[in-house]
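Bear in mind that the values here come from a model prediction, so they are computed numbers and not experimental data. Positions are given from 1 along the sequence.
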Amino acid sequence: MAAKVAHGATVEFRPRGASMVPLIRSRQLVTVAPVDPAHLEIGDIVLARVAGKMYLHLVSALDDTRARVQISNNRGRANGWTSQARVYGICVSVDGVPRPGASRKVRAPVSTE
């Protein structure tokens, strides 16, 4: 999924687990689109690689000076810091319900002309 999103695709999938309840319940359909990391805010749900693992979790802190993002679940556990380059996408909807403000953070497609 991350590779597709990193290359500009918007994807849908059904993540498993309870770490994001009630924002995302296990097997709910999520839509993730490429993100412009410069527009991230605390509380955004992102697809990111942290310490070798892929997470669909919350942005819990931002460090603009070092261009990095802290990723956490919805139960208060921080997974760690990662570079903005390893934040691949933003969750724009859950079961068809748009996430507030997420659509304005989607990265514009790269022109090949």
Inter-residue atom distance [X].[atom1] - [Y].[atom2], 0.5 Å rounding:
X: Arg49; Y: Leu47; atom1: CZ; atom2: CG; value: 9.0 Å
X: Tyr55; Y: Ile71; atom1: OH; atom2: CD1; value: 10.0 Å
X: Arg86; Y: Met54; atom1: CZ; atom2: CE; value: 9.5 Å
X: Lys4; Y: Thr10; atom1: NZ; atom2: OG1; value: 12.0 Å
X: Cys91; Y: Met20; atom1: SG; atom2: CE; value: 8.0 Å
X: Phe13; Y: Met1; atom1: CZ; atom2: CE; value: 6.5 Å

Taking all atoms of both residues into account, what is the closest heavy-atom pair of [X] and [Y], and its distance?
X: Asn74; Y: Pro22; answer: ND2-CD, 3.4 Å
X: Ser72; Y: Ala78; answer: OG-CA, 3.2 Å
X: Val106; Y: Ala33; answer: CG2-CB, 3.8 Å

Whether [X] side chain and [Y] backbone form a donor-acceptor pair below 3.5 Å:
X: Ser93; Y: Pro98; result: no
X: Asn73; Y: Arg75; result: yes
X: Arg107; Y: Asp36; result: no
X: Ser26; Y: Ala18; result: no
X: Arg104; Y: His39; result: no

If hydrophobic clusters are built by linking Ile, Leu, Val, Met, Phe, Trp and Tyr wherever their side-chain heavy atoms come under 4.5 Å apart, do [X] and [Y] end up in the same one?
X: Leu62; Y: Ile45; answer: no
X: Ile24; Y: Val5; answer: yes
X: Val92; Y: Val11; answer: no
X: Tyr88; Y: Leu56; answer: yes

Side-chain touch [X]/[Y], heavy atoms, less than 4.5 angstrom:
X: Gln28; Y: Arg14; value: no
X: Lys105; Y: Asp44; value: yes
X: Leu23; Y: Leu58; value: yes

Inset, instruction - Decide side chain to side chain contact (heavy atoms under 4.5 Å, CB included) for Val59 and Glu41; before the verdict, give the C-alpha distance in whole Å, the side-chain angles of both, and the deciding distance to 0.1 Å. - result: CA-CA 7 Å; Val59 172; Glu41 297 174 298; over 6 Å; no
Inset, instruction - List for me each residue that meets side chain to side chain donor-acceptor pair (under 3.5 Å) alongside Ser19, sequence neighbours excluded, and say none if there are none. - result: His57
Inset, instruction - Could you give me the CA-CA distance, side-chain angles and deciding distance for Arg68 and Gln84, then say whether side chain to side chain contact (heavy atoms under 4.5 Å, CB included) is met? - result: CA-CA 5 Å; Arg68 63 186 190 150; Gln84 287 181 349; 5.9 Å; no
